[in-house]
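Inspection log for the structure reproduced underneath, given as structure tokens.
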2 protein chains.
Amino acid sequence: MSAVETLTGDDLLKVLAALGNPHRMRIVEALCEGRNYVSRLAREIGMSRPLLHMHLQRLESAGLVVGTLELSDSGKAMKFFEVVPFAYELTPEVIAHAAGTLSGADEADPAAPAKEADQAARAKEEEGARTQ
Amino acid sequence: MSAVETLTGDDLLKVLAALGNPHRMRIVEALCEGRNYVSRLAREIGMSRPLLHMHLQRLESAGLVVGTLELSDSGKAMKFFEVVPFAYELTPEVIAHAAGTLSGADEADPAAPAKEADQAARAKEEEGARTQ
DNA sequence: TTGGCGTGTAAGAAAAAGCTGACACGTGAA
DNA sequence: TTCACGTGTCAGCTTTTTCTTACACGCCAA
């Protein structure tokens, strides 16, 4: 079902960043009702074509939509977009696993390897704190 | 299972925007190993405290983590954070439904109401386009 | 040839997000 | 008193994202 296992942290990051935008959510909504080409889609959702173009690129690079350049009978080249039937599960564990495979910078996580020792030190340091 | 039904579009947007950031993903990862207070967490993941504070606020306002101000035996007030066991399902349909309940601005979607007529016009306009 | 409609992209303004450094406050221990 | 360590927040800079305007190209029909 969920293809999360095969997703790298960077890929999931792309997906979340792409979906975390009202305009792009609306674009996905519009494309859910059927494939469409960008000029018409721009008119329907009331957005400038260059702006829609950018958002579609972001969605496509995240693997959430796909675009195919087609040729209509009237000879006009038109780019049709449609949604990819994705299905991601979002839980703390999935996020944690993805974060571990992030390529961004230092890659340091000195807390994870030390298990028992870390837990012991943590328990000691909390010294019976109670909710205020 | 998934509490998506009860989520408004704005709420889901908050969640996705909060999770779509490498730093915040790492914070969730770190908190998955156990609750922690901000100064120590800042040291462990190598981040300035004010910055971590901001990211934690973003995560908490999205409902992904919760923070409780506690009082240690030594009298120091410390704010402990822990992850909320969330579980969201991410599919085009969920996104589409959420987009429909977005509060942002115009709220216009003239394509959705017209069903048959729209589909007919759409089919007509596509006039047998084939992949290039 | 001109006009309409489709494509793409580049330049620069505007807005939002990210990040740092400094400040203020409180407590317990040396 | 002074120091270490916890809390919170604000001003301002840097960086990224978002958005508009403008241009270039292709094809068909009038």
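Lettering follows sequence order; numbering is per chain, from 1.
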Value in whole Å for how far the [atom2] atom of [N] lies from [atom1] of [X]:
X       : N      : atom1 : atom2 : value
B:Lys14 : C:dA16 : NZ    : P     : 16 Å
A:Leu52 : C:dG6  : CG    : P     : 13 Å
A:Leu71 : D:dC28 : CG    : P     : 8 Å
B:Lys76 : D:dG8  : NZ    : P     : 15 Å
B:Met78 : C:dG26 : CE    : P     : 18 Å
B:Glu70 : C:dG26 : CD    : P     : 21 Å
B:Arg40 : D:dC5  : CZ    : P     : 14 Å
A:Asp73 : C:dC5  : CG    : P     : 18 Å

Exercise. Got a sec, which residues hit salt bridge (Lys or Arg N to Asp or Glu O under 4.0 Å) with A:Glu82, two or more places apart in sequence or on another chain?
Worked result: A:Arg35
Exercise. By ring pair (Phe, Tyr, Trp, His ring centres under 6.0 Å), which residues pair with B:Phe81, not counting sequence neighbours?
Worked result: none
Under 4.0 Å: is that the gap between some side-chain N or O of [X] and OP1 or OP2 of [N]?
X       : N     : answer
B:Tyr37 : D:dG6 : yes
B:Lys79 : D:dG8 : yes
A:His53 : C:dT9 : yes

Anything under 3.5 Å between a donor and an acceptor, one on a side chain of residues 9-24 of chain A, the other on a protein residue two or more places apart or in another chain? List them.
residue, atom, partner, partner atom, Å
A:Asp10, OD1, A:Ser103, N, 3.3
A:Asp10, OD2, A:Ser103, N, 3.4
A:Asp10, OD2, A:Ser103, OG, 2.7
A:Asn21, OD1, A:His23, N, 2.8
A:Asn21, OD1, A:Arg24, N, 3.1
A:Arg24, NE, A:Ala18, O, 2.7
A:Arg24, NH1, A:His55, ND1, 3.0
A:Arg24, NH2, A:Ala17, O, 3.3

Exercise. What residues form a side chain to side chain contact (heavy atoms under 4.5 Å, CB included) with B:Thr91, not counting sequence neighbours?
Worked result: A:Ala87, B:Glu89, B:Glu93, B:Val94
For this session: Please check if A:Val84 and A:Tyr88 belong to a single hydrophobic cluster, counting links between Ile, Leu, Val, Met, Phe, Trp and Tyr side chain heavy atoms closer than 4.5 Å.
Result: no
For this session: State plainly whether one hydrophobic cluster holds both B:Leu102 and B:Leu7, where clusters connect Ile, Leu, Val, Met, Phe, Trp and Tyr through side-chain heavy atoms under 4.5 angstrom apart.
Result: yes
Problem set entry | Close side-chain approach of B:Leu52 and B:Ile45, heavy atoms under 4.5 Å | yes
Exercise. Base, backbone or nothing for each nucleotide of nucleotides 17-22 of chain D, written B, S, -, heavy atoms under 4.0 angstrom, 5' to 3'?
Worked result: -SBBBB
